[in-house]
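Position 1 is the first residue of the sequence, and the numbers go up from there.
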Amino acid sequence: MSLVSIIWISLASAFLTLGTMHRIVWLRKYSGWSDLLFFLAAAGAAGLIICELLMMRAGTPGEFAAMVRWFHIPAWITILALVGFVRNYLRAGRIWLARAICILRTLSLVFNFTTGQNANYLEVTSLRSIPFLGESVSVAEGIPNPFSLFGTTSMWLFVIFIVDATITVWRRDERSQALNIGVSVMIFIFMGVAQGLIILFQLAAVPVIIGPTFIVLLAAMSYGMSRNVILSAQMTDDLIESEKRIALASEAVELGFWDWDIAHDRVPVSYTH
C-alpha cells in the first residue's frame, strides 16, 4: 500500500473513531446535540478524505469528475454540522448568517447534480500526474462551473460567521473556547477556500487535500468538549464531598433537615439524635 493511501485511510479511520465516541455520548443522554453534530462533522470529514484519495487515484477525467461530484455530499454534511455545532456549543454566531450558509451550501449541492459534471467543473477535460509524497497522483484540468460561486460565497459567509461567533465568545470571557474552536475553524476554512480557488482556476497543479487539515479542527473541538466533561465531573465530586461534610456537621450538632417532594406532595424530614 502506498504512503498516500496509508495516511488518508488512517485519517479517515481516526475521524470515524473520534466521531463514534461522541455519538455514543449522545446516545446515552440525547440532550447533547453538540456530540451528535460533532459526529456528523467527523463522519463528513472521513467522507472527504476517501473522495480525495479516489481523486488522486483517478485514471480518467470521467472518474475524477465523478469523485468531485460525490465529494460535495460529505462537504455539505460537514459544513452544516459545523454551523450547527458553533451555534449549539458556543452559543454564538448570527442566526441569519447560519441560515444563509446552509441555504447557499444546499443550492451548491443541487447545482452539483444538475449542472455540468459537478459544482466545480462544467467538464474535466484532462488529467495530469504530479509527484506527491514520493508517488504520482492525478490532478484535473477543466472548464470551471460558474455555479461554483454559490459554494465559494457560502464559505466566505462561513468565515464571517465564525469571526462573529469568536468575538462574541471572547467578550463573554470564554477565551479558551474562542481560541481553541473559533480560530481552528477559521484556519480550516481559509485553507479550504484558498486551495479550492487554486485548483478551480488552475493557478497551480496541486491535489485536493482539504480533509487532512480537518484533524486540527476536530482535535480542538474534542478537547473543548472533553474539558467541559472533566469540569462537570469535578463539580459533581465537589458537590458530593460538600454534602458529606454537611451531613457530618449536622450529626455533630444534632440538626434536622427537611425537603419538599413536589411530585408526591411529601415533606421528608431527617433528624439526627
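The CD1 atom of Ile49 sits 10.0 Å away from the CD1 atom of Ile7 when rounded to the nearest 0.5 Å. Rounding to the nearest 0.5 Å gives a distance of 4.0 Å between CG of Asn145 and OG1 of Thr115. In this structure, Arg69 CZ and Leu109 CG are separated by 10.5 Å, a value rounded to the nearest 0.5 Å. Within the model, atoms CG of Asp164 and CD1 of Ile162 stand 9.5 Å from one another, a figure rounded to the nearest 0.5 Å. Between atom OG of residue Ser148 and atom OH of residue Tyr121 there is a gap of 10.0 Å, rounded to the nearest 0.5 Å. From Arg105, atom CZ reaches atom CD1 of Ile77 across 12.0 Å, with rounding to the nearest 0.5 Å.
Using modelled atom types, one side-chain atom of Ser138 and one backbone atom of Ala58 make a donor-acceptor pair closer than 3.5 Å. The main-chain N or O of Leu149 is never found under 3.5 Å from a side-chain atom of Thr152 such that the two would form a donor-acceptor pair. Between the Thr106 side chain and the Cys102 main chain, a donor and an acceptor come within less than 3.5 Å of each other. Glu135 contributes no side-chain N or O that, together with a main-chain N or O of Ser2, makes up a donor-acceptor pair within less than 3.5 Å. Put simply, the side chain of Asp35 never gets that close to the backbone of Ile24: no donor and acceptor are under 3.5 Å apart.
Relative ring orientation between Phe158 and Phe161 is described as tilted, the plane-to-plane angle lying within the 30° to 60° band. Aromatic ring orientation, Phe150 versus Phe111: tilted (interplanar angle from 30° to 60°).
Contact check for Phe38 versus Leu18: side-chain heavy atoms found under the 4.5 Å cut-off. Residues Arg94 and Thr168 are not in side-chain contact: their nearest non-hydrogen atoms beyond the backbone lie 4.5 Å or more apart. Tyr89 has its side chain out of reach of Trp33: every pair of non-hydrogen atoms, C-beta onward, lies at least 4.5 Å apart. The closest side-chain heavy-atom distance from Val4 to Arg57 is below 4.5 Å. Counting only heavy atoms from C-beta outward, the side chains of Ile73 and Phe113 approach each other to under 4.5 Å.
One hydrophobic cluster holds both Leu97 and Trp156 under the rule that ILVMFWY side chains link at heavy-atom gaps under 4.5 Å. Following chains of ILVMFWY side-chain contacts shorter than 4.5 Å, one can reach Val83 starting from Trp96, so the two form part of one hydrophobic cluster. Residues Val110 and Leu80 do not share a hydrophobic cluster, clusters being chains of Ile/Leu/Val/Met/Phe/Trp/Tyr side chains in contact below 4.5 Å. At a threshold of 4.5 Å between side-chain heavy atoms, the hydrophobic network of Ile, Leu, Val, Met, Phe, Trp and Tyr places Trp8 and Leu16 in two separate groups.
For the pair Ala12 and Ile50, the tightest heavy-atom approach, listed with the atom from each and the gap, is CB-CD1, 4.0 Å. Taking every heavy atom of both residues into account, Thr78 and Ala41 meet most closely at OG1-O, 3.8 Å. Considering every non-hydrogen atom in both Gly44 and Pro74, the closest pair reads O-CB, 3.2 Å. Considering all non-hydrogen atoms of both residues, Gln117 and Glu123 come closest at OE1-CA, 3.1 Å. Residues Ala65 and Val124 come closest through the heavy atom pair CB-CG2, 3.7 Å. Between Val68 and Asn112, the shortest heavy-atom distance links the atoms O-OD1, 4.4 Å.
Atom CH2 of Trp76 has 12 or fewer neighbouring heavy atoms from other residues, nucleotides or ligands inside a 6.0 Å radius.
Between the side chains of Thr125 and Glu141, no donor-acceptor pair of N or O atoms lies under 3.5 Å.
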